[in-house]
Amino acid sequence: MPIATTPRRRLLAPLLAALAMFGPFSIDTIFPAFPAMEAELRASPFAMQQTISVYMIAYALMSLLHGPFSDALGRRRVILAGVIVFTLASVGCALSGSIGSLLAFRALQGMSAGAGLIVGRAIIRDCFDGVEAQKLMSTVSMIFGIAPAIAPIVGGWVIAFARWPMIFALLAAFALALWLACLALLPETHPRERRVPLSLRELATTYRLIGRDRAFLPLALAGSLNFNALWVYISSAPVFVLDLLELDAQHFAWLFVPAISGMMTGAFLSGRVAGRLTAATTVRLGYAIMLIAATLNVLLAWLMPQPRVPWSVIPIGLHAIGIGMNFPTLTLLLLDRFPHHRGAVSSVQAFISLVISATIAGALAPVLSASPLRLALGALLSTTLGFAGWQLYRAIQQREHRIAAAA
């Protein structure tokens, strides 16, 4: 197994972005196929919504293990295993003849999909420090942002010419191609001498260490709640696009292109200001954009009860700029609190975010998607809570600095 602690960023960025994107891609691609799947599988709209929440709950639970596994066994091995299991699970989804079997294979997809995203973050921090790390994280975020934008568009056109199982067949083909690319190109960035023994006791000790860190939870919640302000809309996409905006299955781009373009723009800006602005200044700027956009979104939803494009999606795109700008910085701040357990930290961060996302998709989205105003208020609340988490983290960090200076 080749060891490479400093692989070139040009090679690493697209590979890590592809690893990060195939998980989200499998969520959004099936949205346009919901009506056809409901009819063929004789499933209720609520049951179809669970294809999202089951996937994300499994993703969240397994995310607690992907990082520690990579800390103990190496990054490359865990990623290769996760991608091939995802490939097989996608084949199972394509062959499903009932909603029960589909949910089972969706859970298996979720269990394996996080390997690329979670371990990929650890790889970035293995190889780069400071400005270079933020630039690479931003580059990966920009490329990663393409997936949710094109996924529902691809899904919409697939069902225009084929049945819904073809969506999962394409996911399987993409994952298999990615596995072959990793086999040939992905280096091992976590050498044996830096690995942590894998045991339940060690794992429990590591998670206790992370859990006892007073700054970790506020910082993790800040990043998670930021994204979940956008996830309110993504998880409600079938209702928002088909019912509220009154568009057809080939027009999901009206929601996803502004949202993901905003994420990519924010990630680009994050990379551009790396080394020029402090982490705190970058995050404050991102929150200013998010809070202004979220407030504008609420006002538009209140003044225009019947949503219309493009006005109803412009604030979502602006909001996403702030999310994309903050994400790389918040992630690096988290990873840097535990430099010897980056895989585990990435796992806990993903777990927290995914539990919130699964709750929104399974329980809150059916309620919030009843009206544009509810969706807008949900996004504003999520952003406000995220900002409160950031403020709490800053207070804890400043106290730590004062104690260190006094010592």
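We count residues from 1, following the sequence as given. Side chains included, hydrogens not; waters and symmetry mates left out as well; all remaining heavy atoms used.
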Shortest non-hydrogen separation from Ser96 to Leu41 and the atoms involved: O-CD2, 4.3 Å
Any ring pair (Phe, Tyr, Trp, His ring centres under 6.0 Å) pairs touching residues 27-47, not counting sequence neighbours? Phe31-Phe34
Can a donor-acceptor pair be found, under 3.5 Å and without considering hydrogens, that links the side chain of Ser236 to the backbone of Val239? no
How many angstroms lie between CZ in Phe227 and CE in Met263, if you round to the nearest 0.5 Å? 6.0 Å
Which residues pass the salt bridge (Lys or Arg N to Asp or Glu O under 4.0 Å) test with Asp243, not counting sequence neighbours? none
Pairing of Glu40 and Arg163 as salt bridge, 4.0 angstrom limit: yes
Do Ser382 and Asn228 meet the criterion of a side-chain donor-acceptor pair at a distance under 3.5 Å? no
Without hydrogens or angle criteria, can the side chains of Thr383 and His319 be said to hold a donor-acceptor pair below 3.5 Å? yes
Using 0.5 Å steps for rounding, measure from the CG atom of Leu255 to the CG atom of Leu245. 7.5 Å
Atom of Pro152, atom of Phe256 and distance for their closest heavy-atom approach: CG-CD1, 3.3 Å
Which heavy atom of Ser98 sits nearest a heavy atom of Ser101, and at what distance? O-OG, 3.0 Å
How about CE on Met62, more than 12 heavy atoms from neighbouring residues, nucleotides or ligands closer than 6.0 Å, or not? yes
Between Gln349 and Ala220, is there a donor-acceptor pair closer than 3.5 Å when you use the side chain of the first and the backbone of the second? no
Locate the shortest heavy-atom distance separating Ala370 from Leu244; write the atom from each residue and the value. O-CD2, 4.4 Å
My understanding is that only residues two or more places apart in sequence, or in another chain, count here; which of them pass ring-ring contact (aromatic ring centres under 6.0 Å, His included) with Phe168? none
Which pairs pass salt bridge (Lys or Arg N to Asp or Glu O under 4.0 Å) with one or both residues in residues 220-231, sequence neighbours excluded? none
Kindly indicate whether the side chain of Val241, heavy atoms from C-beta on, has any atom under 4.5 Å from the side chain of Trp254. no
Donor on one side chain, acceptor on other, Arg394 and Gln391, under 3.5 Å: no
Judged by atom type as modelled, is there a donor-acceptor pair below 3.5 Å linking the side chain of Arg106 to the main-chain atoms of Val54? no
Please name the pair of heavy atoms, one in Leu300 and one in Pro315, separated by the smallest distance, quoted to 0.1 Å. CD1-CG, 3.4 Å
For Thr51 and Leu102, work out which heavy atoms get closest and say how close. CG2-CD2, 4.1 Å
Surrounding CZ of Arg399 (heavy atoms of other residues, nucleotides or ligands, distance under 6.0 Å), is the total greater than 12? no
Ignoring hydrogens and angles, tell me if any N or O in the side chain of Ser63 forms a donor-acceptor pair with the backbone of Ala60 under 3.5 Å. yes
Are Val257 and Ile153 packed together at the side-chain level, in the sense that at least one heavy-atom pair is separated by less than 4.5 angstrom? yes
Which word best sums up how the rings of Phe216 and Phe338 line up, parallel for under 30°, tilted for 30 to 60°, or perpendicular for over 60°? perpendicular
Donor-acceptor pair, distance only, cut-off 3.5 Å: does the side chain of Arg195 make one with the backbone of His190? yes
For the residue pair Ser90 and Thr87, confirm or rule out a side-chain donor-acceptor distance under 3.5 Å. no
Any donor-acceptor N or O pair under 3.5 Å, side chains Ser70, Arg75: yes
Thr281 (side chain) donor-acceptor with Leu277 (main chain) under 3.5 angstrom: no
Return the OG1 to CD1 distance between Thr265 and Ile321, rounded to the nearest 0.5 Å. 5.0 Å
Ignoring hydrogens and angles, tell me if any N or O in the side chain of Trp164 forms a donor-acceptor pair with the backbone of Ala33 under 3.5 Å. no
So, does Tyr287 use its side chain to make a donor-acceptor pair with the main chain of Gly386 at under 3.5 Å? yes
Quick one, Leu333 and Tyr393 - any side-chain contact, counting heavy atoms below 4.5 Å? yes
If we ignore hydrogens and angles and just use 3.5 Å, is the side chain of Trp390 paired with the main-chain N or O of Leu219 as donor and acceptor? no
Is a side-chain donor or acceptor of Ser112 paired with a backbone partner of Gln109 at a separation under 3.5 angstrom? yes
Going by an N to O cut-off under 4.0 Å, is there a salt bridge joining Asp71 and Arg194? no
Given the rule in the side chain to side chain contact (heavy atoms under 4.5 Å, CB included) test, do Glu400 and Arg214 qualify, once you have shown the distances and angles that lead to the verdict? CA-CA 10 Å; Glu400 290 176 343; Arg214 295 180 61 196; 5.8 Å; no
Applying ring-ring contact (aromatic ring centres under 6.0 Å, His included), name anything that partners Phe240, two or more places apart in sequence or on another chain. Tyr233
Considering only residues two or more places apart or on different chains, which pairs with a residue in residues 77-118 satisfy ring pair (Phe, Tyr, Trp, His ring centres under 6.0 Å)? Phe22-Phe86
Separation of Met166 CE from Thr29 OG1 (nearest 0.5 Å): 14.0 Å
